[in-house]
Amino acid sequence: MLLPRALDLYLRHVTIERGLSAHTIAAYRRDLDGYREWLEADGIGDTADITPAVIGRFITERSSAEPPPASTSLARLQSSVRGWHRFLAREGIEADDPSGRLRPPKAPRRLPKALTIDQVERLLAAPSPEDPVGIRDRALLELLYATGARVSEAIGLDVDDLAHGDVLRLRGKGSKERIVPIGSFARDAADAYLTRVRPGLAAKGRASSRLFLGARGAPLSRQSAWLIIRAAAEAAQITSEVSPHTLRHSFATHLLQGGADVRVVQELLGHASVATTQIYTHVSVDTLRDIYATSHPRAR
């Protein structure tokens, strides 16, 4: 099958049947457009002509590029290529999968950066409780930290997702839903926003079921949420880098430090595999090591 046609079929498959996010689809498209262009420049215009040796040359060239790509970017590229060829073989478009022996590079293990509990409390207290925008911002920050939600999940919340008392419904990757509890601080902050601020914001725009709205009544964007967090970090005088994911990392780290089971944290975060969650246990081990070093009489 001609490359453009085969690529279009695969991208339609991951968009419609797998329900992946627009961000993930865009990453697949970038990776595979680059792969297709490389193949065509090498004189290959049909998927039947792609062999393991061809894929190996492509990955080798990408690995040795200057500047060298990050291991995570290379791993994602290989995953995109493997996914495409597996799809072609599974659908019977090609008899074999030439990417079967392709192995992803081993990415370095990086510990997630988490805030201290004191820093989180300062961050959450930064928005003004008297200003309508501050009330909205505090509700967003409280919910992010209380639930460990991804920022895309938080801004995608509908008002009805909060209508379950002390739990919240989140829609994660692949449109998978999960129920997570929320504490009294987040619940109170959300209630204050819903009763005192959201009606006024909603009146400025078209009717929307989204929980968090911007100044003109439209659903809050991912970029706006990022700016809210950065402004709160600056107001709280937190000098380390704070991103939307920082509160998610802090949520998981503080739960484990408090004695939560790693599989419970896995469920709360919406991780498909516990292996993804276990990276946070290394942070807790560091804490245990520090406590041991300062507390045990023969630790030194």
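All values below come from the heavy atoms of this structure, side chains included, with hydrogens, waters and symmetry mates left out.
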Given 3.5 Å as the limit, does a donor-acceptor pair link the side chain of [X] with the main chain of [Y], or not?
| X | Y | value |
| --- | --- | --- |
| D261 | R263 | yes |
| R248 | L269 | yes |
| D161 | D158 | yes |
| R101 | P52 | no |
| S79 | A75 | no |
| S99 | H85 | no |
| R138 | L124 | yes |

Any residue meeting side chain to side chain donor-acceptor pair (under 3.5 Å) with E40, in chain and number order, not counting sequence neighbours: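 Testing E40 for side chain to side chain donor-acceptor pair (under 3.5 Å), a comparison that skips the adjacent residues, returns R36.
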For D118, enumerate each residue passing the side chain to side chain donor-acceptor pair (under 3.5 Å) test, keeping only those at least two apart in sequence or located in another chain.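 D118 satisfies side chain to side chain donor-acceptor pair (under 3.5 Å) with R122 once adjacent residues are dropped.
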Validation row: [X], [Y] side chains within 4.5 angstrom (heavy atoms):
| X | Y | value |
| --- | --- | --- |
| T24 | Y28 | yes |
| I55 | R82 | no |
| P132 | R196 | no |
| L74 | S63 | yes |

[atom2] on [Y] to [atom1] on [X], rounded to 0.5 Å:
| X | Y | atom1 | atom2 | result |
| --- | --- | --- | --- | --- |
| Q78 | F58 | CD | CZ | 9.5 Å |
| L213 | I155 | CG | CD1 | 12.0 Å |
| H23 | I25 | NE2 | CD1 | 11.0 Å |
| T15 | H13 | OG1 | NE2 | 9.5 Å |
| R5 | I93 | CZ | CD1 | 8.0 Å |
| I179 | T147 | CD1 | OG1 | 11.5 Å |

Hydrophobic clustering (ILVMFWY, side-chain heavy atoms < 4.5 Å, transitive) - are [Y] and [X] grouped together?
| X | Y | answer |
| --- | --- | --- |
| Y193 | V167 | no |
| L2 | W38 | no |
| V133 | I228 | no |
| F185 | L115 | no |
| V81 | M1 | yes |

List the steps and the verdict of side chain to side chain contact (heavy atoms under 4.5 Å, CB included) for I135 and D131. CA-CA 6 Å; I135 294 173; D131 177 60; over 6 Å; no
Under the side chain to side chain contact (heavy atoms under 4.5 Å, CB included) criterion, do L11 and R29 qualify, and how do the steps go? CA-CA 7 Å; L11 291 174; R29 186 180 296 278; 3.4 Å; yes
Students often mix this up, so state it plainly: with edges at 30° and 60°, are the rings of H254 and Y145 parallel, tilted or perpendicular? perpendicular
Assess the residue pair R178 and E153 against the criterion (salt bridge (charged side-chain N to carboxylate O under 4.0 Å, His left out)); give the C-alpha distance rounded to whole Å, side-chain angles, the decisive distance to 0.1 Å, and a yes or no. CA-CA 11 Å; R178 67 185 187 278; E153 294 171 343; 2.9 Å; yes
Distance only, no hydrogens: is a donor on one side chain within 3.5 Å (strictly under) of an acceptor on the other, for T246 and S243?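 Yes, because at least one side-chain N or O of T246 sits under 3.5 Å from a partner of the opposite role on S243.
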Side chains of S221 and S224: do they bring a donor and an acceptor to under 3.5 Å? yes
Determine, for [X] against [Y], whether the closest basic-nitrogen to carboxylate-oxygen distance falls under 4.0 angstrom.
| X | Y | result |
| --- | --- | --- |
| R230 | E241 | no |
| R90 | D97 | no |
| R187 | D166 | no |

For [X] and [Y], work out which heavy atoms get closest and say how close.
| X | Y | result |
| --- | --- | --- |
| S80 | D31 | OG-OD2, 3.1 Å |
| P127 | G134 | CB-O, 3.3 Å |
| P98 | D96 | CD-O, 3.4 Å |
| S240 | Q119 | OG-NE2, 4.4 Å |
| A154 | F212 | O-CD1, 3.7 Å |
| A114 | T253 | CB-OG1, 3.7 Å |

Do you know which of [options] makes side-chain contact (heavy atoms from CB on, under 4.5 Å) with [X]?
| X | options | answer |
| --- | --- | --- |
| I238 | T116, L123, V120 | L123 |
| L3 | L32, D8, D46, I50 | I50 |
| L140 | L144, D137, L143 | L144 |

Residues, nucleotides or ligands: over 12 heavy atoms within 6.0 Å of E267 CD: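 Check fails, neighbour count at 12 or below.
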Under 6.0 Å between ring centres: does that hold for Y35 and W84? yes
Check step by step if side chain to side chain contact (heavy atoms under 4.5 Å, CB included) holds for D191 and L162. CA-CA 9 Å; D191 286 344; L162 266 175; 6.0 Å; no
List the steps, then state whether side chain to side chain contact (heavy atoms under 4.5 Å, CB included) holds for H271 with V265. CA-CA 9 Å; H271 285 159; V265 179; over 6 Å; no
